[in-house]
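Letters go in sequence order (proteins before strands), and every chain restarts at 1. Quick caveat, the model's predicted, so the values are computed rather than measured.
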Amino acid sequence: MNELKQTLSSILLQILQKDYSNEIQHVDLQPTRKDFEGDLTYTVFPLVKITRKAPELLGQEIGEKLLVSTPDLVEKFNVIKGFLNISIRKSYFLTKLVERYQSGHFISATAEPQHIMVEYSSPNTNKPLHLGHIRNCLLGWSVSRLYEAIGHTVYRVQIINDRGIHICKSMVAWQKFANGATPASTGIKGDHFVGDYYVLFEKEYKQQVSELIQQGVPEEEAKEQAPIMREAREMLVRWEQNDPATLELWNKMNSWVYEGFDRTYARLGVSFHKNYYESQTFLLGRDIVQHGLEKGIFYKKEDGSVWIDLTADGLDHKLLLRRDGTSVYITQDIGTAIARFEEFPIQKLIYTVANEQDYHFKVLFLILKKLGYSWADHLYHLSYGMVELPHGRMKSREGTVVDADDLLDEMEKTSAELTAQFGKAEGLPEDEKRQLYTTIGHGALKYFILKVDPRKKMIFNPEESIDFNGHTGPFIQYTHARISSLLHRAESVSIPTESTELNEEEYHLLKSLLLYSDTVHKAAAEYNPSELANYLYEVARLYNSMYQKHSILTAESIEKKQLRIFLSDCTRIVLNQGLDLLGIKTPERM
RNA sequence: GGUCCGGUAGCUCAGCUGGAUAGAGCAACUGCCUUCUAAGCAGUAGGUCAAAGGUUCGAAUCCUUUCCGGAUCACCA
C-alpha cells in the first residue's frame with residue numbers, strides 16, 4: 001500500500017511541477033474516507049492559492065492528467081469540493097495479494113537487518129509477578145517479535161533484582177517464622193512462598209513500629225529501630241561480606257523464586273536468551289566513573305561523592321558514586337549497558353520499563369552519550385503506562401495487587417465456562433479441551449492489554465471480567481477458527497484470476513489484507529503492538545462481514561468461489577501470523 | 001515549585017506527521033440461525049473531542065494559557 005502511495009505520489013508530483021508550479025516539493029496522498037468512492041485522495045486546496053483556480057476545476061484537471069499518464073494504474077476519479085479521489089484498478093490489488101501469497105512472505109523484510117536487544121520483565125525476587133509485569137512482558141515480547149518479523153535479530157533479556165534489602169526481609173521472616181518450611185513441603189509455588197514471607201515481614205515490622213511509637217519513640221526513629229528491620233539490615237551487611245550461611249539461604253530462597261517465575265513465564269509464553277542478575281552487575285560501572293572524572297564529564301565533591309551536572313540539558317545534578325565509594329542504581333545501569341554492547345553484537349537496546357522511570361532513562365542515555373558511546377543514540381526506553389485499578393494504583397501493602405498467576409487462572413476458568421456453555425469443545429479429548437481454554441482465556445487477556453497504546457495508563461477492573469465478545473482476542477481467534485473449518489471443507493485453494501469482479505465486502509477485505517506488512521513495520525518502528533492489534537481486529541471484522549453476506553463454498557460462480565476461498569486463506573494467514581506477533585495462539589476450532 | 005505524560009460516547013479504547021459528516025467494542029434497544037461455526041452479522045440510540053484564545057482555506061490533531069489526573073525531580077531500587 002505504501003508502495004502504491006509512493007508510486008502515485010511521484011507521478012502526481014511530476015505532473016504538478018510540470019504543469020502548475022515547480023515550487024511544489026512533495027505531494028501527500030491519504031487513504032480515501034470510506035464514505036467516498038476511491039482509494040487515495042489528493043487534497044488540492046494548497047494548490048488553489050498558487051494557481052488561483054477553483055478547487056473543483058483544479059481537481060478535475062489534475063484527475064484527467066493523472067488518468068492519461070497512468071491508465072494501467074488509475075481507473076477513474078471523482079472530485080468533491082477540493083478532494084480528488086483516485087480509484088485504483090481493482091486488479092492491481094488482487095495481483096499484489098497474489099504475489100505475496102505465492103512468495104510466502106506477507107511481511108516485507110527490512111533493508112537493514114540489525115541485532116537488537118530487548119530487555120523486559122526485570123522483576124524483584126521478593127514477590128511473585130503481578131499484572132504490571134504481565135503488561136511489561138507482553139509488550140517486551142511483542143515488540144521483540146515485531147522486530148524479528150521484519151528481519152532483525154533479537155536478543156531477549158531480563159535483569160533480575162536479586163539483591164538488596166527486599167530479599168533480606170523475606171530471608172529474615174523465613175528464618176523467624178517458617179520452621180524450615182519450603183515450597184515443596186507446603187505445596188506453595190516458590191515465588192508466592194517467598195512473597196508470603198515478605199508480607200509477614202512487613203506485617204511484623206508495622207507492628208513493631210507502632211509499638212515503639214506507643215512507647216513514645218518518634219516515628220522516624222521507630223522505623224529505624226524496629227528490631228526486625230535491624231535484622232534485615234544486618235543480613236544485608238552479612239550478604240555483602242559474603243557470609244557463607246547468608247549466601248546459602250539467599251541462594252536457596254532465590255532459587256525457589258526463579259522456579260516460580262519460570263512457570264509463570266512459560267504460561268505467558270515468554271522467554272529470554274539471557275538473564276542478568278544484579279548481584280553480578282551491581283559493581284559494574286564504577287571504573288567508568290573514574291574514566292568520566294578524567295575526561296571532566298563528572299566532578300567530585302569535597303566529601304568524595306561523584307556527580308554529573310546535567311543542568312545545561314534541563315535536568316539536575318545526578319549522583320554516581322556515594323561518598324563511601326559505593327555505587328547507585330544508575331552507575332550499575334551505565335556499566336550494564338556497556339557490558340551488553342561488548343558482549344553482544346547489537347546496534348540497538350530497548351528497555352521495557354514503566355513510565356515512572358522516564359527521568360532515570362533520560363539521564364542514563366544522556367550520560368552514556370556524554371561518555372562518548374556511539375551507540376548511545378540507539379538506546380530506547382519503551383516506556384509504558386502503569387496498570388491501575390478503578391481506585392488508583394495497585395498497592396501491595398493494601399493487598400490490591402492483581403497477581404499474575406491468579407489472573408491467568410481466572411481467565412482459563414472463564415474461558416472454560418464460556419466454551420462449555422457454547423458447546424464449542426464437545427468431542428475433544430480432555431487435554432485438547434484444556435489447551436483450548438488456555439488459548440482462548442490467555443488470548444482474551446493478552447489482547448485486552450496489547451490493544452491499548454503502551455504509553456497510556458490502563459485501567460483494569462477486577463470486578464468486571466475481561467470480555468470475550470466484540471473487540472477482543474477471542475473474536476479474532478474465532479474468525480480464525482471459522483476460516484480453518486471452512487478451508488477444511490474446501491478441497492483446495494487456488495489463485496483467483498485477475499479479472500475477477502469484486503463486490504464491496506471482498507474489495508474492503510482485500511485492501512485491508514494488503515496493509516498487513518506496512519502495519520507490522522509501523523508497529524515495530526513505533527514500538528507499539530496496539531497498532532497491529534487494532535489492525536487485526538479490523539481485518540477480522542471485514543472478513544466476518546463478507547462471510548455473513550456472501551456464501552463462500554456455494555458461491556454464485558466458480559470464479560467467485562475461488563476468490564473467496566483465496567481471500568479466506570490470506571485472512572487466515574494474516575490473523576494467525578499477526579496474533580503470533582502479539583503472543584496469542586490461534587485455535588483451529590472453537 | 002520545575003520537568004514529563006495523559007484528558008475523545010455512561011464504560012473501555014481507536015483516530016493525533018492538520019483535511020470531507022469524529023470511529024469501534026461493551027452496556028441499552030430492533031432484527032437475522034431448516035444453508036460454510038450466532039464468541040457472528042445488520043441496524044437504532046448515544047459527542048461542547050477538558051476549557052479559552054491563536055495559527056489557516058481547513059484543528060480532536062499544531063502553538064499559548066488555564067483546569068483536572070498521574071509520574072518524576074533521593075547518598076532508594
> Where does the angle between the aromatic ring planes of A:Tyr351 and A:Phe361 fall among parallel (under 30°), tilted (30 to 60°) and perpendicular (over 60°)?
Replying inline: tilted
> Are there more than 12 heavy atoms of other residues, nucleotides or ligands under 6.0 Å from atom CD of A:Glu556?
Replying inline: yes
>> Output the rounded distance in Å from CG (A:Leu57) to P (B:C57).
In response: 20 Å
Report all interatomic pairs (protein N or O, nucleotide N or O of nucleotides 29-36 of chain B) with separations under 3.5 Å.
from	atom 1	to	atom 2	distance (Å)
B:C36	O2	A:Ile552	N	3.4
B:C36	O2	A:Leu553	N	2.9
B:C36	N3	A:Ile552	N	2.9
B:C36	N4	A:Tyr547	O	2.6
B:C36	N4	A:His550	O	2.8

>> Check whether A:Ser142 reaches the backbone of A:Leu581 with its side chain - one donor and one acceptor, N or O, closer than 3.5 Å.
In response: yes
> Taking only residues two or more places apart in sequence or in another chain, which ones pass ring pair (Phe, Tyr, Trp, His ring centres under 6.0 Å) with A:Phe475?
Replying inline: A:Tyr537
> Say you pick atom P in B:C49 and the same atom in B:G10; how far apart are they, in whole Å?
Replying inline: 12 Å
>> Roughly how many Å apart are B:G54 and B:C11, using the C1' atom of each and rounding to a whole number?
In response: 34 Å
> What form does the base of B:C33 take, syn (within 90° of 0) or anti?
Replying inline: syn
> Is there any salt bridge (charged side-chain N to carboxylate O under 4.0 Å, His left out) pair reaching into residues 37-47 of chain A, and which pairs are they, with sequence neighbours excluded?
Replying inline: A:Glu37-A:Lys76, A:Asp39-A:Lys511
> Would a line drawn from the ring center of A:Phe83 to the ring center of A:Phe36 be shorter than 6.0 Å?
Replying inline: no
>> Work out how far the P atom of B:G40 is from that of B:U3, and round it to whole angstrom.
In response: 48 Å
> Hey, is the side chain of A:Thr419 pairing donor to acceptor with the base of B:A39 inside 3.5 Å?
Replying inline: yes
Could you list the donor-acceptor pairs under 3.5 angstrom formed between side-chain atoms of residues 126-134 of chain A and any protein atom two or more places apart in sequence or on another chain?
from	atom 1	to	atom 2	distance (Å)
A:His130	ND1	A:Gly132	N	2.9
A:His133	ND1	A:His130	N	3.0

> Of all residues at least two apart in sequence or in a different chain, which pass the ring pair (Phe, Tyr, Trp, His ring centres under 6.0 Å) check with A:Tyr437?
Replying inline: none
> What one-letter contact string describes nucleotides 14-21 of chain B from 5' to 3', where B marks a base within less than 4.0 Å of any protein heavy atom, S marks contact via sugar-phosphate atoms alone, and - marks no contact?
Replying inline: S-B--BBS
> If you measure from the P atom in B:U44 to the same atom in B:A22, how many Å do you get, rounded?
Replying inline: 15 Å
> Just by distance, with hydrogens left out, do A:Thr41 and A:Asn85 show a side-chain donor and acceptor under 3.5 Å apart?
Replying inline: yes
> Taking only residues two or more places apart in sequence, or in another chain, which ones meet A:Tyr447 in a ring pair (Phe, Tyr, Trp, His ring centres under 6.0 Å)?
Replying inline: A:His471
> Which residue pairs pass the side chain to side chain donor-acceptor pair (under 3.5 Å) test with at least one member in residues 413-423 of chain A, sequence neighbours excluded?
Replying inline: none
Listed pairs under 3.5 Å, donor-acceptor, residues 452-459 of chain A side chains, sequence neighbours left out:
from	atom 1	to	atom 2	distance (Å)
A:Asp453	OD1	A:Arg455	N	3.0
A:Asp453	OD1	A:Arg455	NE	3.3
A:Asp453	OD2	A:Arg455	NH2	2.8

> Which sits closer to the 5' end of RNA chain B, A:Lys34 or A:Leu436, going by the nucleotide each is nearest to?
Replying inline: A:Lys34
> Which dot-bracket string describes RNA chain B (Watson-Crick N1-N3 plus N6-O4 or O6-N4, or G-U N1-O2 and O6-N3, all under 3.5 Å; [ ] crossing; | other strand)?
Replying inline: ((((((((.[[[[.)...(...]]]].(((((.......))))).....[[[[[..)....]]]]])))))))....
> How far does the C1' atom of B:U55 sit from the matching atom of B:G23, given to the nearest Å?
Replying inline: 27 Å
> What string of B, S and - do you get for nucleotides 72-77 of chain B, 5' to 3', if B is base contact, S is sugar-phosphate-only contact and - is no contact with any protein heavy atom under 4.0 Å?
Replying inline: SS-BSB
>> Rounding to an integer number of angstrom, what distance separates B:G47 and B:U8 when you compare their P atoms?
In response: 15 Å
> Residues in ring pair (Phe, Tyr, Trp, His ring centres under 6.0 Å) with A:Phe422, at least two apart?
Replying inline: none
> Mind checking the P distance from B:A39 to B:C33? Whole angstroms is fine.
Replying inline: 15 Å
> Is any NZ, NE, NH1 or NH2 atom of the basic residue among A:Glu504 and A:Lys549 found under 4.0 Å from an Asp or Glu carboxylate oxygen of the other?
Replying inline: no
